[in-house]
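Encoded as C-alpha cells, the structure appears first; notes follow it.
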2 protein chains.
Amino acid sequence: MTDAAPSYVPLSDHPAFLLSQLGSHSGYRFTDLLAPLGIKPSQFGTLRMLAANDGRTQQQLCEALNIHRNVMVGLVDDLEKRGLVERRKHPADRRAHAVHLLPAGQELMARGVAISIALDAELLAPLGAEDQAKLLELLQQLSVGNGLTPGVHPGMTGEPGQPKPCEPDH
Amino acid sequence: MTDAAPSYVPLSDHPAFLLSQLGSHSGYRFTDLLAPLGIKPSQFGTLRMLAANDGRTQQQLCEALNIHRNVMVGLVDDLEKRGLVERRKHPADRRAHAVHLLPAGQELMARGVAISIALDAELLAPLGAEDQAKLLELLQQLSVGNGLTPGVHPGMTGEPGQPKPCEPDH
DNA sequence: TATTGTTATACTCTATAACTATA
DNA sequence: TATAGTTATAGAGTATAACAATA
C-alpha cells in the first residue's frame, strides 16, 4: 500500500470526498440563498430553535446548536439589532436572558424554512423520485451510524474539538 | 408557506442538511487522520497532483486544485521545508517554478492515499455492500448533476467566489 | 464553587492589492 | 500588456481566558 503506484482511484470515486464536496456545496448554497435575508446559517438555526421553543436562554441555544456561548452573544446581538429577537428577563434565573422571537423574526424564519426546502429540491433534482427517497434513507443511516447528533452540524463553533474542514482534494 | 406553522420537518429529514453534516464530518475526519503525517488536506492534494504529473508549475497546481496562487506559495513553502517537494527551474519559462515530488513526498502521499481509502470504509461502514455501491452511484450523479467539477473541492481558497460554508442547522 | 452572559486577546484563514521578473 | 511567483495588509472566524452577576 505504500508502493510506488498506490490505488489511484479518481477522487470522484471516493465516497468520503464526494460527501465532503457535496456537503461543502450544500453549505455554500444555503449561505448564499440565506444572504438576501441578511442572516447567516447559524442565525437561522437560532431563529428556528426559538420557533420550536421560545424563550430559551442563550446557554440552552448554545447546547442545542453546538455553538460556543461567546459566539452566541454576537449572534443574538445582531438578531436583536435587527428586531428579530428580544432579550427578556428570565423568570427563574436572574443570570440568564430569555431570548424571544419577535414577529419579524418569525416571518424571516419561515422564509428560511422555505429556502431550505427549495435547496433540498435543487440538490436532488438530478435524481428520480425513487432514488431521492433512497438517498435520504442512506444519508440518515450514515449520519446515525457515524455517531452524528441528529440535527446538529459539526461545523459549528462548539467547544474545542476539531481543526478546520477543507479537504481540498484528498 | 410563510404561515405561522411552516413545514417543521426535522433537520435530519433534509437531504441538504444531511449532506452538509456528513460532508463536514468527512472533512474533519480526513483532516484529523492526516494530522499525524504533518500535512493538511490541501497539501495532500498538492502531493497527489504531483504524483500524477510531476514538475507542474505552481500556477498549474492552483488551477487543478482551485487554490489561490497566494495561498499556494505558503503550501509549497511548507512542503519544501519538510523535504517533500522541491522547486526547480522551469525548462521553458524562467518566471515559473517546476514543483517536483521528492521520495519522502512520494511516500507520504501514498500514506495519505491509504488514509483516504480507510476513511471511505469507515464512513460507509453502517451500510451493506449493496447500499454502499448504490450510495456511491447516487453521490456521483448529484456531483455531476449539480455542476461540480469532478475531483475539485469547493471549499478551497480559489478566486473570490462564495462566502463561508457552515450551515449550522438550517 | 459553579454557571450565565460578556468582553478582550490572540491566532488562523481568507481576500485584496501590489510588487518583481519575466513573457 | 499579461503572467508566475511573491509579499503585505486587512478582514473574518475561532479559541482562550478572564470578568461581573448570580446560583
Rounded to the Å, how far apart are [X] [atom1] and [N] [atom2]?
X	N	atom1	atom2	value
A:D78	D:dG13	CG	P	10 Å
B:I67	C:dT14	CD1	C1'	13 Å
A:K40	D:dT14	NZ	C1'	12 Å
A:Q59	C:dA2	CD	C1'	12 Å
A:E63	C:dG5	CD	C1'	14 Å
B:K89	D:dG5	NZ	P	16 Å

Atom pairs, N/O to N/O, protein against nucleotides 21-23 of chain D, distance under 3.5 Å?
unit_1: D:dA23; atom_1: OP1; unit_2: A:R94; atom_2: N; d: 3.0

With the 4.5 Å side-chain cut-off for hydrophobic clustering, are B:L148 and B:L135 part of the same group? yes
Following the transitive rule for hydrophobic clusters with a side-chain heavy-atom cut-off under 4.5 Å over Ile, Leu, Val, Met, Phe, Trp and Tyr, establish whether B:M49 and B:I117 coincide in one cluster. yes
Do the non-hydrogen side-chain atoms of [X] and [Y] ever get within less than 4.5 Å of each other?
X	Y	result
A:H25	A:L123	yes
B:R69	B:Q59	yes
B:H153	A:L11	no

Please name the pair of heavy atoms, one in A:T149 and one in B:Q21, separated by the smallest distance, quoted to 0.1 Å. O-NE2, 3.0 Å
Heavy atoms only: give me the nearest B:P126-A:N146 pair and the separation to one decimal. CG-ND2, 3.9 Å
Ion pair check, A:R82 and A:E80, cut-off under 4.0 Å: no
Pairs: protein N or O with nucleotides 6-10 of chain C N or O, under 3.5 Å:
unit_1: C:dT6; atom_1: OP1; unit_2: A:R87; atom_2: NH1; d: 3.3
unit_1: C:dT6; atom_1: OP2; unit_2: A:Q58; atom_2: OE1; d: 2.9
unit_1: C:dT6; atom_1: OP2; unit_2: A:Q58; atom_2: NE2; d: 2.9
unit_1: C:dT6; atom_1: OP2; unit_2: A:R87; atom_2: NH1; d: 2.7
unit_1: C:dT6; atom_1: O4; unit_2: A:N70; atom_2: OD1; d: 3.0
unit_1: C:dT7; atom_1: O4; unit_2: A:N70; atom_2: ND2; d: 3.1

